[in-house]
Amino acid sequence: MLYIGVDLGTSAVKLLLMDSQGKIQNIVSKEYPLYFPHPGWSEQKPEDWYEQTIAGIKELLEDYDRSQVAGISFGGQMHGLVILDENDEVIRPAILWNDGRTFEECDYLNNVIGKDKLSEYTANISFTGFTAPKILWVKNKEPENFARIHKIMLPKDYIAYKLTGVHCTDVSDASGMLIFDVKNRCWSKEMCEICGVKETQLAKIFESYETVGTVLPAVADELGISPEVKVAAGAGDNAAAAVGTGTVGDGMCNISLGTSGTIFISSNKFGVDKYNALHAFAHADGHYHLMGCMLSAASCNKWWMDDIIGTDEYAAQQKEITKLGENHVYFLPYLMGERSPHNNPNARGTFIGMTMDTTRADMTQAVLEGVAFALRDSFEVAKSLGIQIDRTKICGGGAKSPLWKKIIANVLNLKVDIIESEEGPAMGGAMLAAVACGEYAGVEDAAAKIVKVIDTVEPTPELVEKYEARYQQFKEIYPTCKELFDKIQ
């Protein structure tokens, strides 16, 4: 049988076709626009997502027996607010995860409602990217749209609804809304009241590997597949990527170097750090995870290469970097503000330490190291909770760089396992579809049989020592600059 994984990203939807043995048969990507109607705002049209997903599935299956398609599932950009009216029509463009307009609503939630109460209700505090402050923003700034809301959905769940007619979500994606009781895996009545919404306006909750429905006959006919094809709930992009890299079960770790960057630690037990520096979310394997999320990771390198240097020869620029652990230039990778662990939308990207003999290679190296150091900030929080991790998987566009993987291994002093397929959320979505269809006994079973480690980047004691000294200097820069960041906004 064949399984489709749909990775609904920020710039494109990636579709992956996997067979019963976990072998990738085909991959297709379809782009769609991103809109910035005001500085700091970020929006997309859900209709574009669906249109390109349908076009992508058609292309994905062109040379395959469509009667063999058994299931579809998802990984998707998290936190985005999709609101539908009583006719299930989109009311306004979706407000995305990297949208920064909700600082007033976040201030209200964190400082008026209070972080302690938020953590009690949801296991998390408010960040500008989360969904609950977006709901409050619509309520405060667009009351006419708020009054029309019949259903509140997340990005990938809108696609699932269009395929099945079922208003659904999964526990991992719902965890990032700040309206979900993570510990008890249900909607928080208190947060519904705070946001002014009814539970009936929210989607039905499923585990990521559960079937939400089958493909509507009209959609199945358009795609040339059976209306019996099962659609599984899927997961938020980071949880889906974790499934795709085999980061399931207790004490596993994955680092994602995509547009944003994450360090993801799976756990069989629910837990929250007392400062809420890390997100405590439900995981797609039926358990839980802690996650540190930085808003700009591989996108920092893309910005530096594309917009500043003006080159697409990423590998060539990295070849000039030869003295790891000896760079005196530092870079704070906060081009979009920062989430974990600082939770400061006013933070900004910063170079420091340049001298007359600083080279372009030094600054390129500083960008790569700055992302690694920022990931370590979140890793240090996990270690403070007594979590012991000695190795990690890695995925995302940045993971294609051997140099960046070496830097991360030594900055974090972790063994970095390279897996055979680094397709992240799309692979995880296909695996969840296979579990929903009974191909595998569960998510951990699927991961054990499908995910294969083919290489490991080992840290070296000498380089670990050098980077330890550099990190101790790096972690002093943000606190020193914080007051200035607030002033220059």
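All heavy atoms count here, side chains included; hydrogens, waters and symmetry mates do not.
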- Evaluate side chain to side chain contact (heavy atoms under 4.5 Å, CB included) for Tyr3 paired with Ser20, printing each intermediate quantity in order. CA-CA 8 Å; Tyr3 303 94; Ser20 299; 4.1 Å; yes
- Query: Quick one: do the Asp377 and Tyr471 side chains pair a donor with an acceptor below 3.5 Å?
  - Reply: yes
- Message: The test is ring pair (Phe, Tyr, Trp, His ring centres under 6.0 Å); show your working for Phe127 and His79 and say whether it passes.
- Response: CA-CA 10 Å; Phe127 294 79; His79 315 303; 8.8 Å; no
- Query: Between Asn124 and Thr122, do the side chains contain an N or O donor and an N or O acceptor separated by less than 3.5 Å?
  - Reply: no
- Within 6.0 Å of CG in Asp307, more than 12 heavy atoms from elsewhere: yes
- Sorted by first residue and then second, give each ring pair (Phe, Tyr, Trp, His ring centres under 6.0 Å) pair with at least one member in residues 338-360; sequence neighbours left out. Trp304-Phe351, Phe331-Phe351, Tyr334-His342, His342-Tyr478
- Item | Asp116 and Ser119: CA distance, side-chain angles, deciding distance, side-chain hydrogen bond (donor to acceptor under 3.5 Å, both in side chains) verdict | CA-CA 5 Å; Asp116 289 345; Ser119 187; over 6 Å; no
- So which pairs with a foot in residues 30-40 pass side chain to side chain donor-acceptor pair (under 3.5 Å), sequence neighbours left out? Lys30-Glu59
- Task: Kindly check if the number of other-residue, nucleotide or ligand heavy atoms within 6.0 Å of NZ (Lys183) is above 12?
- Result: no
- Item | Distance-only donor-acceptor check, side chains Glu320 and Thr364, under 3.5 Å | no
- Message: Under a 3.5 Å cutoff, is there a donor and acceptor pairing between the side chains of Glu468 and Gln472?
- Response: yes
- Message: Pairing donors with acceptors under 3.5 angstrom, does anything connect the side chains of Tyr314 and Asp306?
- Response: yes
- Message: Checking Cys300 against Leu335 for the side chain to side chain contact (heavy atoms under 4.5 Å, CB included) test, could you report, in this order, the C-alpha distance in whole Å, the side-chain angles of both residues, the deciding distance, and whether it holds?
- Response: CA-CA 7 Å; Cys300 289; Leu335 297 177; 3.9 Å; yes
- Identified side-chain contact (heavy atoms from CB on, under 4.5 Å) partner of Met427 from the options Val451, Ile450, Val243: Ile450
- Full working for side chain to side chain contact (heavy atoms under 4.5 Å, CB included) between Ile321 and Leu368: CA-CA 11 Å; Ile321 298 170; Leu368 303 180; 4.2 Å; yes
- Item | Lys405, NZ atom: more than 12 neighbouring heavy atoms under 6.0 Å | yes
- Pair Lys156 + Asp173: basic N to acidic O under 4.0 Å: yes
- Query: Has Lys452 got more than 12 heavy atoms of other residues, nucleotides or ligands less than 6.0 Å from its NZ?
  - Reply: yes
- Within a reach of under 6.0 Å around CZ of Phe270, are more than 12 heavy atoms found that belong to other residues, nucleotides or ligands? yes
- Atom CD of Glu462 with >12 non-hydrogen neighbours under 6.0 angstrom: no
- So, are Glu43 and Arg101 salt-bridged, with charged N and O less than 4.0 Å apart? yes
